[in-house]
Amino acid sequence: GSLWSVSEEGRFRLDPAPGAARQVDDPALLQAPRTLFAEPRGWLWIGTAAGFVLFDTASERVLTVRSNAPGNAIALPTATPTDVLFDRSGIFWVATGGAGVASADFLTSRFPVYQARPGDSASLASSSLRAIASDSASIWAGLNDAGLNRIDRETGRVTRFPLPAPPAGVSWPDTGIRTVYGLDRDRSGRLWSVVNWGVRRHDAAGRVVAEYAFPTPAVAAINPAFVH
């Protein structure tokens, strides 16, 4: 198999065997890429500052560009995508850097957009997200400087989980201390989150049950993201 990477110079196909990379498309189609997601049909959804580019890895061609231009009936919220996922029911979820969480069925239909509402504790704590994950009942949202939130799929109600302080003995700058940089689930279905000083494991209710600190604060310089 191949690995895929995107940058402002274009999309690159990486062949692990010879360790070579080659550019496979016109970099003009990419505008500040922020996230990349491969879905079961072999398509790549590439989130950019201008919307989404849908790329077919088999034919190595662009299938469509979903622009965030005003008036586009199938556009996503006008904010840069920061993370994407397909849940088990085939719904496409998009986290954005300022417009909350949007969902759509392969971007052909519009579904609810979840955002922060001033004075409403049942809404997202912030509309600026870094990561999302899912389980059978919930969508989990990692927020910029606002902790971890859970969206109930049935009711749309949000439960907020402010991040606790780092464990004893971990010295860390206050900047970004409440930001969740990455979310993912392991093979057992357990939820893991990345914060600026380490990694946390959560139980089904969102509570922190285990913590693993990075060996040095210098790790923060790499802008922690999740790798699974």
Side-chain angles (χ1 to χ4, degrees), residues 35-40 45 47 77 81-97 99-106 111-117 119-170 172 176-214 219 223-228:
T35 187
L36 172 69
F37 184 83
E39 55 110 319
W45 293 87
T82 55
D83 198 12
V84 295
L85 68 83
F86 278 89
D87 65 18
R88 293 181 179 178
S89 60
I91 301 301
F92 184 60
W93 293 84
V94 182
T96 73
V101 182
S103 62
D105 185 356
F106 297 110
F111 284 77
V113 176
Y114 301 92
Q115 298 177 322
R117 296 188 296 271
D120 185 356
S121 61
S123 69
L124 289 176
S126 170
S127 289
S128 180
L129 286 82
R130 295 296 294 263
I132 49 176
S134 69
D135 58 32
S136 60
S138 309
I139 295 295
W140 295 86
L143 308 178
N144 268 316
D145 204 31
L148 178 67
N149 285 190
R150 180 179 64 195
I151 303 171
D152 185 287
R153 290 175 181 269
E154 291 292 328
T155 66
R157 185 177 179 83
V158 174
T159 303
R160 301 177 178 181
F161 301 92
L163 291 184
V170 175
W172 212 257
I177 199 70
R178 296 189 302 146
T179 295
V180 175
Y181 291 90
L183 290 170
D184 210 341
R185 291 191 171 278
D186 62 22
R187 293 179 180 178
S188 299
R190 297 175 298 186
L191 181 68
W192 296 77
S193 65
V194 176
V195 292
N196 70 347
W197 55 264
V199 180
R200 283 172 157 157
R201 179 163 57 86
H202 303 261
D203 64 15
R207 295 181 293 262
V208 175
V209 296
E211 299 177 312
Y212 305 89
F214 293 137
V219 175
N223 188 17
F226 209 75
V227 177
H228 68 285

Which heavy atom of [X] sits nearest a heavy atom of [Y], and at what distance?
| X | Y | answer |
| --- | --- | --- |
| Val180 | Gly142 | CB-CA, 3.5 Å |
| Ala204 | Arg150 | O-NH1, 3.5 Å |
| Ser193 | His202 | OG-NE2, 2.7 Å |
| Arg185 | Asp135 | NH2-OD2, 3.0 Å |
| Gly182 | Ala131 | CA-CB, 3.7 Å |
| Ala133 | Leu191 | CB-CD1, 4.0 Å |

Inter-residue atom distance [X].[atom1] - [Y].[atom2], 0.5 Å rounding:
| X | Y | atom1 | atom2 | result |
| --- | --- | --- | --- | --- |
| Asp184 | Trp140 | CG | CH2 | 14.0 Å |
| Ile132 | Asn149 | CD1 | CG | 13.0 Å |
| Arg160 | Ser121 | CZ | OG | 6.0 Å |
| Trp192 | Arg200 | CH2 | CZ | 12.5 Å |

Would you check if the side chain of [X] reaches a backbone N or O of [Y] as a donor-acceptor pair within less than 3.5 Å?
| X | Y | value |
| --- | --- | --- |
| Ser127 | Gln115 | no |
| Arg201 | Glu211 | no |
| Ser126 | Ser128 | yes |
| Thr82 | Leu129 | yes |
| Arg178 | Leu143 | no |
| Asp83 | Ala95 | no |

So Leu124 and Ile151, do their side chains get closer than 4.5 Å, heavy atoms only?
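SC-SC contact between Ile151 and Leu124 confirmed.
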Should Leu148 and Leu183 count as side-chain neighbours, where that means a heavy-atom distance under 4.5 Å?
yes
